[in-house]
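First comes the structure, then the notes that go with it.
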Number of protein chains: 2
Amino acid sequence: MATSLLIFEDNNQLRQSLQLLLNDGMFFSVKAAFENCLRAAEEVLLHEPDLVIMDIDMPGRSGVEGLKAIKAVRPATKIIMFTVFDDDEQIFECICAGADGYLLKHTPPARLMAALQEAMEGGSPMSPQVANKIFHYFRQASKPAPDYNLSEREKEILQLLIKGNGYKMIAAECFISLDTVKKHLKNIYTKLHVSCGTEAVAKALKEKIVAV
Amino acid sequence: MATSLLIFEDNNQLRQSLQLLLNDGMFFSVKAAFENCLRAAEEVLLHEPDLVIMDIDMPGRSGVEGLKAIKAVRPATKIIMFTVFDDDEQIFECICAGADGYLLKHTPPARLMAALQEAMEGGSPMSPQVANKIFHYFRQASKPAPDYNLSEREKEILQLLIKGNGYKMIAAECFISLDTVKKHLKNIYTKLHVSCGTEAVAKALKEKIVAV
DNA sequence: TCGTCAATTACCCTTTTGGGTGATTTTTAA
DNA sequence: TTAAAAATCACCCAAAAGGGTAATTGACGA
């Protein structure tokens, strides 16, 4: 059984090329192709395709919105984003919105077909440049947490504060006196250069000083 | 010029298979292969390989540590993780630590060689299962922020609280009386089901109720 | 061995927080 | 137009937070 496709792509030449390529009478069958995704959700409900190829930069309504609209009405539809853009924001927005793959337009035909196949098998195909962006994203996100020279005990108490405990509860949890808790928090505030508990909590969470 | 390789893999059979496969006299050249990565950094400095294939589950010292050690002394070395594990934590830790690719051991030889080539060209090859985990990670991370029915004003005041402002400062910033600020915060705490400011800040940041 | 530092406790004091109740006005939705 | 929701302000009051100072103990390294 061939995989049925819908194509949303505003470039006439490219859209027709895709149709020719993917109407191979074997593995793929193009149900319809459109030059914009204004009626993306409706067309998907009408044709019930296995997979959608979605350009991003289209007049009227962006492919990202088309993606969201389709996933909202028929989540099982696989959607491969197909674009010249490798803008970081765009990539992450699409992935978060449920895209099943992200391919750049210079992908060679054989690789494109392999990627569509991979998506149908539950994979998440992406172009190497996209994979690179994702790897970079993670490295960026894991920049070393600044060290404010908090002692273990101080980290423990800060942790309890973040959990929503008052001074008294922290004292009870740690089996120490209320005054000791206050003393520790005073030191913590000084070390973090903050003036109160809420600010300390905000800073600790933002800068990942403690485990969440 | 063939790509020079080092291999760290504790399974004898697999290690020898990799050597046979990759000593093809054309594209790849295996400089040496080891059954543990205790001396990973030293061997890399000695052999100066273009690329390292690193198993994760090895006796004595895990491949993740080997990865970090190598990247610490010779960051230009490409490192492909090669493992049976597709544990989420492991994957993300490796990516953050600078891995250039992440392949599962059942990768077919042709795909493995293509992946090594891709890594040498600056790509970030990964097995489909790994790509899937990454896509899932992003979707997870962007799960819809729970709506606690906070009004705009309440969000604004919560935001100021997170910034470390006391009640008085919030009142001044918003040009409203201290009592109004108190009233708003009381309502906020009720809506968020928390009992104090620190807990509200923690919840707001953890659940991304407000922009950071 | 001595000095330093973390952890602990205590006491004093003021300000801030947070909860309760109630009321007015404005905006929004039905 | 009327009702509900949001925003505003006020007053009372107890508890909590936060800052200062000082002292003791134990561990660890110079």
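Order of the sequence lines sets the chain letters (A, B, ...), proteins ahead of strands, with each chain counted from 1.
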field: A:F175 CZ to C:dA7 P, straight-line distance once rounded to whole Å
entry: 18 Å
task: With the side chain of B:K182 defined as its heavy atoms from C-beta on, choose the nearest nucleotide among C:dT21, D:dC13, D:dA22.
output: D:dC13
B:I157 or B:C196, whichever maps to the more 5' nucleotide of DNA chain D: B:I157
- request: Provide, to the nearest angstrom, the distance between the CG atom belonging to A:L178 and the P atom belonging to C:dA10.
  value: 10 Å
query: Around atom NZ of A:K105, are there more than 12 heavy atoms of other residues, nucleotides or ligands at under 6.0 Å?
result: yes
field: Spacing between B:L160 atom CG and C:dT16 atom P, to the nearest angstrom
entry: 17 Å
- prompt: A:K168 side chain: which of D:dA10, D:dA16, D:dG18 is closest?
  reply: D:dA16
- prompt: Given atom CG of A:N187 and atom P of D:dA22, what is their separation to the nearest angstrom?
  reply: 16 Å
query: Are B:Y189 and C:dG19 close enough that a side-chain N or O sits under 4.0 Å from OP1 or OP2?
result: no
message: Using the side-chain heavy atoms of B:D179, tell me which of these nucleotides is nearest: D:dT8, D:dC11, C:dG19.
response: D:dC11
- request: Could you tell me whether A:R15 and A:D10 make a salt bridge, using a distance below 4.0 angstrom between a side-chain N and a carboxylate O?
  value: no
query: Is there a donor N/O on one and an acceptor N/O on the other, under 3.5 Å, for the side chain of A:K186 and the base of D:dG18?
result: no
message: Please confirm whether the shortest side-chain N or O distance from B:S151 to OP1 or OP2 of D:dA5 is below 4.0 Å.
response: no
task: Round to a whole Å and report the spacing from CG of A:L150 to P of C:dA7.
output: 10 Å
Atom-pair distance (CE on A:M169; P on D:dA17), nearest Å: 9 Å
field: Value in whole Å for how far the C1' atom of D:dT8 lies from CZ of B:R153
entry: 9 Å
field: B:G197 vs B:K183, nearer the 5' end of DNA chain C by closest nucleotide
entry: B:G197
task: Mind checking the CG-CD spacing from A:L6 to A:E48? Nearest 0.5 Å is all I need.
output: 10.5 Å
task: Would you mind telling me which residue lines up with the more 5' stretch of DNA chain D, A:L185 or B:C174, judged by nearest nucleotide?
output: B:C174
- request: May I ask you to evaluate whether B:T180 reaches the phosphate of D:dT8, defined as a side-chain N or O under 4.0 Å from OP1 or OP2?
  value: no
task: Measure centre to centre between the rings of A:F138 and B:Y137, then say whether the value is under 6.0 Å.
output: yes
- prompt: Between D:dG18 atom C1' and A:L161 atom CG, what is the distance in whole Å?
  reply: 12 Å
message: Parallel, tilted or perpendicular, judged at 30° and 60°: which one describes the rings of A:H47 and A:F34?
response: tilted
task: For the side chain of B:E154, starting at C-beta, report the closest nucleotide among D:dA7, C:dA7, D:dG18.
output: D:dA7
